[in-house]
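Since the structure comes first, as structure tokens, the remarks are kept for the end.
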Amino acid sequence: MLKFIVNDKILETNAHPGTILIDYLRDELKLYGTKEGCKEGECGACTVLAGTLDDKGNISYKSVASCILPIGDVNGSHIVSIEGVNQEELNTIQKAIFDYSASQCGFCTPGIVLSLTYFALSSSEFSYKDAEDALDGNLCRCTGYVAIRNAAKALSDLLKTKSRDMNKRIDVLLEAGVLPSYFAQIPQKLKKLNASSASSPSAKARIIAGGTDLFVQIPDQLVESDLKFISERKDLNYIRVDGNCIRIGAATSLEDFRNSCAVNKYFPFMKDDVLLHSSMILRNKATLAGNIVNASPIGDITIMLLALNASIVIDGNGKTREIALDKFYKDYKKFDLSEGEIIKEILVPFMNEGVLYNFEKVSNRKILDIAAVNSSILIETNGMDIAALRISAGGVASIPLMIGGLDNFRGKEISYETVNKLAEYVVSQVAPIDDVRGSANYKKLLIRQLIFAHFNKLFGVKVCAGEGC
Amino acid sequence: MRNVDMKMHIRGRSVFVDDIPAQEGLLHAVLFLSPIAKGTIEKLDISKANKAEGVAGVFVGKDIPGPNQIGHMIPDQPLFAEKEIQYAGQPIAMVVAESKHLAKKALKLIELQVKEEEGVFEPREAFKSGMIHAAPRVITAGDLDSAWSKCEYIVEGKAHNGPQEHFYFETQRALAVPGEDDTMKVYASVQSPGAFQHHIAEILNIPMHKVELEIRRLGGAFGGKESTAIWAVAPALAAKLLNRPVKMVLGRNEDIATSGKRHPYEFDYKMGLDKDGKILAYQVDLYQQAGAFADISLAVLGRSFLHVSSSYFIPNLKAMAVSCKTNLPSNNAFRGFGVPQGVFVIETAIEHASEVMGVDPSVIKRKNLLQDGDFLPYGMQLEKTNAIRCWEELDRRSGGIARRIKTIEAYNKANTETKKGISVVPVCFGISFAQTALNQGSALANIYADGSVSVSTGAVEMGQGVNMKIALIAAKALSIGKDKVRVETTNTSRIPNASPTSASTGADLNGMAAKMACDTLYKRLQVFAAKKFNHNNPDEISIRDEIVYLKSAKTDYKWEQLIHEAYWDRTDLGCRAFYATPGVYIDRKTERGRPFAYYSYGTSITEVTLDCIRGTYDIDSVDVVHDVGVSLSHNIDKGQIEGAIIQAIGWSTMEQIKYNSKGKMLTAVNSYKIPDIKFCPKEFNVYILENSLNPYAVSNSKAVGEPPFIHGLGAYFALVRALRSFRKDKPLPASLPITPEKAFMYLYE
């Protein structure tokens, strides 16, 4: 039996926990405002909010793609669809969209309203940039975004006149006409909900972390399978500083990681780099651990963590073990994890003083796209010489690749010549294939350029190639 | 004024086809598709699928009561392939079941044996082997042969443009509900009420009057729901055969893999100019990638063909255009309808010429812009030409075209790791269906006894705001508040034989018909009011803002009372009107005529920055001056201009489709990328040309749906400039789109 609140109603259902949320909303609850545009989390038309309570009883909402979200994963949560933000008149967000004519055919519009509601709920400063980030997974084929941007700017300006106190955010938004009044009672109702686990007790149950890829790949199968939800493991939802490393629990979402104070203190580049991974409605569900076990040769997070020399702690079958991430991958989608084991946490060591890091990603579209090639570098220098070097590269092998044999470059002076040699060496280590992300030849030439890009960005090394230089 | 539905859209209350609550007994249909692009069916066994859980029926070609035929322009396309397979994804059978899930499961039980043959996927190759949908069209103007010798510069080359997926948010879908007496009501997401009603009636083998097609609104269409009738016809067929309501809703990837696209073309061009850059001669051949069936491709081809000279006066010209048959899904209409391709190739030729001449392309463009008195290739002489006005207005508004080009040149001299590019693109877009017969629209205006008004037309609302434009036109004609006017669904029982809502003519044709119907009602009210006031001249009665005036004197007689009494006096308060655009024709033998009632003009300037390390780029700014005549609604027109331009920038840059060597689609929703909010140019300024009067359309307005699409080519040509400033040792790029991969390979391969 699953229990949750949908808009202002408490609901119980015996539906299979793998039932997709949008199907449940539309087919069972007859809430037709949520639109299905792609069923892969690629367009944002189905965006809804999912609210959960933290230990202190504070509620926090996330925008999520309801088309790839199983209802078992929102068990005990508050689901908000477009019907749940409607008021007598247009609410403040809806009015901004109306005032700027930011809707044409209307099919993407409910999703846009919900993503902007998430912005209002989550942005500490109500900055326009946060609004744009909140909308990075909401495509629109009609307006060309100019009107949507104008509406978001107006909304940001309006909200900036209100209190930015995160502790009073719900009250502020009730007052500002963003949320309907029933939101005030939701935390109390959630507390009393007492939902039991949605996970199957079966040892063979399929483990769902964020599910943002699995529910794209095999939704029909999962709808009928036993599932175990990592999101229920509150004990694994943490980011902790421990000595000279940071520990990230397996249930931590990419957005929580990106916004974590500890992460921003020790790895300040993550705030922007992680934005290149998928979109807000996916990052709010997708986890770092899920990205690792997905084992995509092009996984952005994996490529970042490889260069940062992360390791993972694996739990299961009565023991706990730790393994360096760069030893984890064996072959295409094959890795060192046995049945009964799960990734418990990820350890990322702090970077020593003076060590530099850079992430590069080239994809057909900059946002919400899979890279043709991505790469991270971690480099320690001694004067202008390379003292230590780690380079990872995605999209160029059957696994997320850690480039080996870089010791030869220790002691080399950072110069065009050295970078050129390094780039040639990296190219000799890769074997990309032709696919929809690009030709093998492209990827080979591109990884060479990205090595240059690393040194260009970190050390200003000139990239001199082609006629134009 | 905004889209009439906007408040409902924003609250999620607009009802699209899939939002209609399920009727008792509703079934779901899915199509069984060909896995190969070319071959013959040797064996098809549906018996296991037929017996599967929840299956109500499995149907193939021989189950169709009427002819197995849905060809849009020529009868060449079966609904279900029976023997010959012409493209991967072609429907062969249909499974109908209690749920979509069960229907999809049963699909896997259908057994198909095929004999695969080698397909043809390239238009030039198809042309060589005689695989064409119709004889090539040829148009000539002036004396091309003798013009070449007068040219100082001659350039020739090949060019190519890629396809574009519509990516309307609401995929193809329809719900068919059988009624009494063999009738069928179909709720569909389609743009062509008359044509689709016809296709359904033919397949079901019932007269058209038994088919009622009801269209409330579409979640986007852009031309993709104009001609290919498969997804409206198939559920109607199932509903007929099972006598139960049946719904068909395509999944996104099925929609991408099996629906038509904007046509790719291959081009050969040759252009000659005098020493000052005046274009004297232009020859161009267009090979259209049409796909397996003619669908609407011949009409698209015609428009490309009639727009090969774009915004330029070219005294000596020859164009050949041919629609090539290949083993891919039939391509179809997409915003611009062939014009963007015709413009693309001449802009490429000018780009080429500018490099040979050593001048900026804008210099040649400005010198050859159309003006009053110029002739277009089909012999039409221009008047009220706004090409130069738009250019000069843009020059004023955008900080000076020449100055901005200089700034870019200086930037590129100073920078090696990034390069900028800039491009000016003028637009001259003919308005009217090139197929003259389609230039007709009708409207039914009803005034109810309480004073509220409903207007039905053949126009389909798909987000472009046509219903608001019609409401405004009707409200103005009756001089009442627009809230008194409700624009009804598009329904074939109210409006017969409606043309597709396309060619940007939705408001022109249907708005004019609505105005005519309301004008007639107004006259009847004048007559009634004159009688009531015992006044002998009805012309001296007027209605202004819902109040009756007698000889310009305000009375206390209000709209509601007027209508109430007019009804009791037995005044006819319903009126149907019909409009056919006057004076348009084309003689297909001589390719001479006046195919378009008027032209929409515009000019834009687009600036880009290319990252020469990574091959990625940003579209920095777009400034555009566009001519919409007297705008019916600034908000709606601006939205159309912005949306069209971003859509075209997508086509010019990131939107790409890949097939394997056997013609099977590799691209799916996770690899077909359309512009997102962060890709949208940071600077985007739209100026609507002022003081433009257009006597050829309703209330002096001009059509706006498609013409601004052309501006988006500016992103492509600005990228060409940026690429060229990095390296010139290669041939000029002549293949659209320029994806990051293509940009990179140009820089580094």
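Sequence lines set the chain letters: A, B, ... in the order given, protein chains first and strands last, and positions in each chain run from 1.
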For this session: Tell me, for L218(B) versus chain A, whether the close heavy atoms (under 4.5 Å) come from the side chain, the backbone, both or neither.
Result: backbone
Exercise. Can Q94(A) and H9(B) be counted as having a side-chain donor-acceptor contact under 3.5 angstrom?
Worked result: no
Exercise. Between E360(A) and chain B, which part of the residue has a heavy atom less than 4.5 Å away: side chain, backbone, both or neither?
Worked result: side chain
Problem set entry | Side chain, backbone, both or neither of E40(A) within contact of chain B (heavy atoms, under 4.5 Å) | side chain
Exercise. Using non-hydrogen atoms only, which part of V113(A) is less than 4.5 Å away from chain B: side chain, backbone, both, or neither?
Worked result: side chain
Problem set entry | Contact winner vs chain B - S101(A), G33(A), G438(A), heavy-atom pairs under 4.5 Å | S101(A)
Exercise. Just by distance, with hydrogens left out, do N3(B) and Q104(A) show a side-chain donor and acceptor under 3.5 Å apart?
Worked result: no
Exercise. Got a second to check how far Q449(A)'s CD is from F744(B)'s CZ, nearest 0.5 Å?
Worked result: 4.5 Å
Problem set entry | Per-residue contact mode, M462(B) against chain A (heavy atom under 4.5 angstrom) | backbone
Problem set entry | salt bridge (Lys or Arg N to Asp or Glu O under 4.0 Å): pairs with one or both residues in residues 740-749 of chain B, sequence neighbours excluded | K658(B)-E741(B)
Exercise. Is any side-chain N of the basic residue among D220(A) and K105(B) closer than 4.0 Å to the acidic one's carboxylate O?
Worked result: no
Exercise. In terms of heavy-atom pairs under 4.5 Å, which option from S81(A), A453(A), A372(A) contacts chain B the most?
Worked result: A453(A)
Problem set entry | Portion of F679(B) that has a non-hydrogen atom of chain A nearer than 4.5 angstrom | neither
Exercise. Given the options G111(A), S439(A), A147(A), which has more heavy-atom pairs under 4.5 Å with chain B than any of the others?
Worked result: S439(A)
Exercise. Which residue pairs pass the salt bridge (Lys or Arg N to Asp or Glu O under 4.0 Å) test when at least one of the two sits in residues 82-109 of chain A, sequence neighbours left out?
Worked result: K95(A)-D99(A)
